[in-house]
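Side chains are part of it too, since the values below use all heavy atoms of this structure and drop only hydrogens, waters and symmetry mates. Below, chains carry the letters A, B, ... as their sequence lines are ordered, and counting in each starts from 1.
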Number of protein chains: 2
Amino acid sequence: MKPQKIDHVCIAVRDLDEARIRWEKILGKGPDDEYVDEPEQIRVARYMVGEVGLELMESTSPDGPVARHLDRHGEGVMVLSLGVESTAAAVDELTAEGFPFVPAPETGEVLRPFRGGRFAFVHPKAVNGVLLELIDDGTGD
Amino acid sequence: MKPQKIDHVCIAVRDLDEARIRWEKILGKGPDDEYVDEPEQIRVARYMVGEVGLELMESTSPDGPVARHLDRHGEGVMVLSLGVESTAAAVDELTAEGFPFVPAPETGEVLRPFRGGRFAFVHPKAVNGVLLELIDDGTGD
């Protein structure tokens, strides 16, 4: 595999509206995208910085994955996401190399759907504490 | 200000040689750059992923900033760096907006030199726990 780019970086925040005020002064603009991802229990503001999406991410529930991350680690960078041609192929290749993946709590599946593509998380214990995502746009399978 | 791109993302690791083995399987290549930054007390392997440098970073001393970060937070993403036209101008603009910066321990200066350019760190307390770097290549001042 060969990731084509860093697709996005997610920053876990406690209060998205308050975080937006700070980051928009630094980024010099409002969000390029805003969405709620119900399976992941997150509300997101995304800002394109060059080819990378910088995402501010708030939990929509007190016990979602972002809420639990905030309880354990506090605010900060939570996810680093690499854009790949095919998430399924990348998961197969890295699984064969011994990398563990994090199954989705609801489905137990490693591959998770998002807007026509799929993503998966390499377990942080295998990649130096980083919650490393692989994501495709659904055109490469 | 308007950052042009994410310049690099730094991952703090305890053992660079061991981390390289894992990450090079994921990135599908060896480093595009390797260097030691003595003032920062770090040894770095940098991999270009699209336009962004993904850096694995090990401390060269037991009490350098990366060693202290590892003691407090463990391994993981430590720095998010935004490429700007002029670090000095960005620092002036954000200081006027009330953002605090982290002075370099050795010099007490906010602006730090690197390869003809300069960089500076916004204090994590002002940006949701992110150690946010601004960096230029020295051509914009």
Please identify, among [options], the residue contributing the most non-hydrogen atom pairs under 4.5 Å to chain B.
| options | result |
| --- | --- |
| A:Ala12, A:Ala126, A:Gly83 | A:Ala126 |
| A:Val13, A:Leu27, A:Leu54 | A:Leu27 |
| A:Asp15, A:Asn128, A:Ile11, A:Val49 | A:Asn128 |
| A:His73, A:Glu97, A:Glu18, A:Glu51 | A:Glu51 |

Shortest non-hydrogen contact from [X] toward [Y]:
| X | Y | result |
| --- | --- | --- |
| A:Lys25 | B:Met1 | O-CG, 4.0 Å |
| A:Phe99 | B:Arg22 | CZ-O, 3.5 Å |
| B:Trp23 | A:Val127 | CZ2-O, 3.5 Å |

What part of [X] gets within 4.5 angstrom of chain B, counting heavy atoms only: side chain, backbone, both, or neither?
| X | value |
| --- | --- |
| A:Leu94 | side chain |
| A:Leu131 | neither |
| A:Ile26 | both |

same_hphob_cluster([X], [Y]) at 4.5 Å side-chain heavy-atom cutoff:
| X | Y | answer |
| --- | --- | --- |
| A:Tyr35 | A:Val79 | yes |
| A:Leu111 | A:Val84 | yes |
| B:Val9 | A:Leu82 | yes |

Please check if atom CD in B:Glu24 has more than 12 non-hydrogen atoms from other residues, nucleotides or ligands closer than 6.0 Å. yes

